[in-house]
There are 2 protein chains.
Amino acid sequence: MNERDAERSVSQTVRAQLALRDMILSGRLRPGERISELQAVDITGVSRTPVRLALVRLEDEGLLQAIPSGGFMVKAFTERDILDSIELRGTLEGLAARFAAERGVSARSLEPLKECLADLDQLVRQDPISVEAFSAYVTMNARFHALLNELSASAPLIREIDRVSALPFASPSAFVMAQSALPEAHQILLIGQDHHRIVVDAIENREGARAEAVMREHSRLAARNLRLAIRNRTHLELMPALALLKSSAE
Amino acid sequence: MNERDAERSVSQTVRAQLALRDMILSGRLRPGERISELQAVDITGVSRTPVRLALVRLEDEGLLQAIPSGGFMVKAFTERDILDSIELRGTLEGLAARFAAERGVSARSLEPLKECLADLDQLVRQDPISVEAFSAYVTMNARFHALLNELSASAPLIREIDRVSALPFASPSAFVMAQSALPEAHQILLIGQDHHRIVVDAIENREGARAEAVMREHSRLAARNLRLAIRNRTHLELMPALALLKSSAE
DNA sequence: GTCGCATATTCTGTATACATCCTGCACTCA
DNA sequence: TGAGTGCAGGATGTATACAGAATATGCGAC
């Protein structure tokens, strides 16, 4: 199947959603800017019906905000909003870890997580860490978090975590690439990996409070990276999510 | 403005959403049942375009589930899902209380909360408590929780709390009316009110951990009520949300 | 020069027609 | 008898036309 067929195979609604999301995250649509449906039609090349569906979905996703009189505008976030979203994710992931620990998980279901842990170990063991390794870390890290959340065996909780993590600046890997430009890069990765190890251990030993606490702290690494990167004003291009920052805070 | 005009003034989309939500919560549409757009058109009396929007919104709300091949079905929940949703709400409200406590709130912004607390005090002081008082408690309790969440001053957090509380069985007042049929009714209300008092005190004294812990525990009252009501199988009609329970768990 | 109002344009909300895809049933062949 | 296939019916995805509302613009009056 070539690319053209692949594009054909997804619905117009999804295609519009992807195109608009890309425009927003790349900063071509600025925070606070109104998006008219006709404009969205021009951008995406599909008709108003799927465009409207895509706009509603993006509102739900948190990237757009409904205007009372009708229509949508690109949502603007403060630095505080971003930090709160990260804390929020940490809290939810902490709850997931606690559920997993308190309710107990079978040795069998813990296996994929341990394999993932080992893969991450190999990646962070490199010194210095290549950009490719950073990129691989992002993928594997996302997998680790997903597996961990699933261990909670709680559909409502997983749903909310996915929702919060969908905000581009709140996902577990949002600022990992930004780290790669920092001198402390390797150390931060090692600390994060230690958190991973601890949470698995805590779940295995059914230490709910410990599992919860370490996941909360883990999310604060992202907050720390964000602050460092903003202070240094360097390599902002590694964090496309910051296109959503209110201009006053930039 | 009479009722007919009021109905006219809201959009067809909202009207369809309300009508369908009512059908779902009243149990006339059963969990697992597919809702076709044409069927929804018949129910609501509006055309397919707004019906489709309403279906998408109900999906985000969590009442419907998208079918991979297209269309929607009424979501079914297990008792565990409901308990987890309550714990989830408690965790988020706990985070809100902690934010309020740690960041500090002005005496002025704490006033409405204290007034609300006093109003609730008056209601629970009655013995025995009338059904009208229970109903007033539900309203005032919702107001208390809303005010409390606002004190977090965190838009992303408030957004998530509202979202989770939109599930009919996860809201702070979901099972208060069910309490009214229990012999322990009064005692449970008094305990809940004590939680309210403690959280306000903790916020005032900037005791973040205490504020968080008490809000978590507070949500467990709802879980306790739910379990009691289900065990007693009595007055299930006071909890319309249970129409969403998987039939196997009924 | 500025404020207010009227008009014109543009946008959203809604309805409906059409095409494509899925689903279920019956029939046929092994 | 069971499994697979083809067809019919219906459902969803999409495009577009139309009506009403909101907004912007320009003109006139103070």
Side-chain angles (χ1 to χ4, degrees), chain A residues 1-2 4-24 28-61 63-75, chain B residues 1-2 4-21 23-24 28-61 63-76:
Chain A
M1 190 192 276
N2 63 33
R4 187 160 196 87
D5 286 343
E7 277 185 11
R8 276 269 163 71
S9 70
V10 302
S11 70
Q12 302 286 69
T13 302
V14 171
R15 214 184 306 177
Q17 196 177 345
L18 292 174
L20 289 170
R21 179 158 48 204
D22 187 55
M23 290 284 289
I24 294 168
R28 272 170 292 176
L29 292 169
R30 314 205 122 200
E33 187 176 343
R34 181 172 191 158
I35 301 186
S36 82
E37 291 181 5
L38 253 65
Q39 185 187 354
V41 165
D42 284 343
I43 292 172
T44 63
V46 305
S47 80
R48 279 186 59 212
T49 306
V51 152
R52 168 169 279 236
L53 267 282
L55 290 173
V56 169
R57 294 223 136 95
L58 288 170
E59 180 203 3
D60 191 57
E61 208 172 293
L63 261 43
L64 295 181
Q65 192 170 13
I67 298 171
S69 63
F72 299 93
M73 55 184 275
V74 179
K75 203 158 169 179
Chain B
M1 189 192 276
N2 63 33
R4 188 161 196 83
D5 285 344
E7 278 184 11
R8 278 268 164 73
S9 71
V10 302
S11 70
Q12 302 287 69
T13 302
V14 171
R15 214 183 305 176
Q17 196 176 344
L18 292 174
L20 289 171
R21 179 159 47 204
M23 289 284 289
I24 294 168
R28 272 170 292 175
L29 291 169
R30 315 205 122 202
E33 187 176 342
R34 180 171 191 157
I35 300 186
S36 83
E37 290 181 4
L38 253 63
Q39 185 187 355
V41 165
D42 284 342
I43 291 172
T44 63
V46 305
S47 79
R48 277 186 61 212
T49 306
V51 151
R52 167 170 279 235
L53 267 284
L55 290 172
V56 169
R57 294 222 136 97
L58 288 169
E59 182 201 3
D60 319 321
E61 206 173 296
L63 261 41
L64 295 181
Q65 192 170 12
I67 298 172
S69 63
F72 298 94
M73 55 186 273
V74 180
K75 203 158 169 178

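Below, chain A is the first sequence line, B the second, and so on; all start at residue 1.
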So if I define the base as every atom that isn't primed, P, OP1 or OP2, how would nucleotides 13-25 of chain D read as a B/S/- string at a heavy-atom cutoff under 4.0 Å? BBBBB-----S--
Does B:A19 have any side chain to side chain contact (heavy atoms under 4.5 Å, CB included) partners at least two apart in sequence or in another chain, and if so, which? B:T44
Of all residues at least two apart in sequence or in a different chain, which pass the side chain to side chain donor-acceptor pair (under 3.5 Å) check with A:E59? B:R57
Taking CG from A:L55 and C1' from C:dG13, how many angstroms apart are they, rounded to a whole number? 14 Å
Name all pairs fulfilling the salt bridge (Lys or Arg N to Asp or Glu O under 4.0 Å) condition that reach into residues 35-44 of chain A, sequence neighbours left out, sorted by first residue then second. A:E37-A:R48, A:E37-A:R52
Spacing of CD belonging to B:Q39 relative to CG belonging to B:L20, to within rounding of 0.5 Å: 9.0 Å
Going by the rule side chain to side chain donor-acceptor pair (under 3.5 Å), which residues pair with A:R28 if we only count those two or more places apart in sequence or in a different chain? A:D22, A:S26
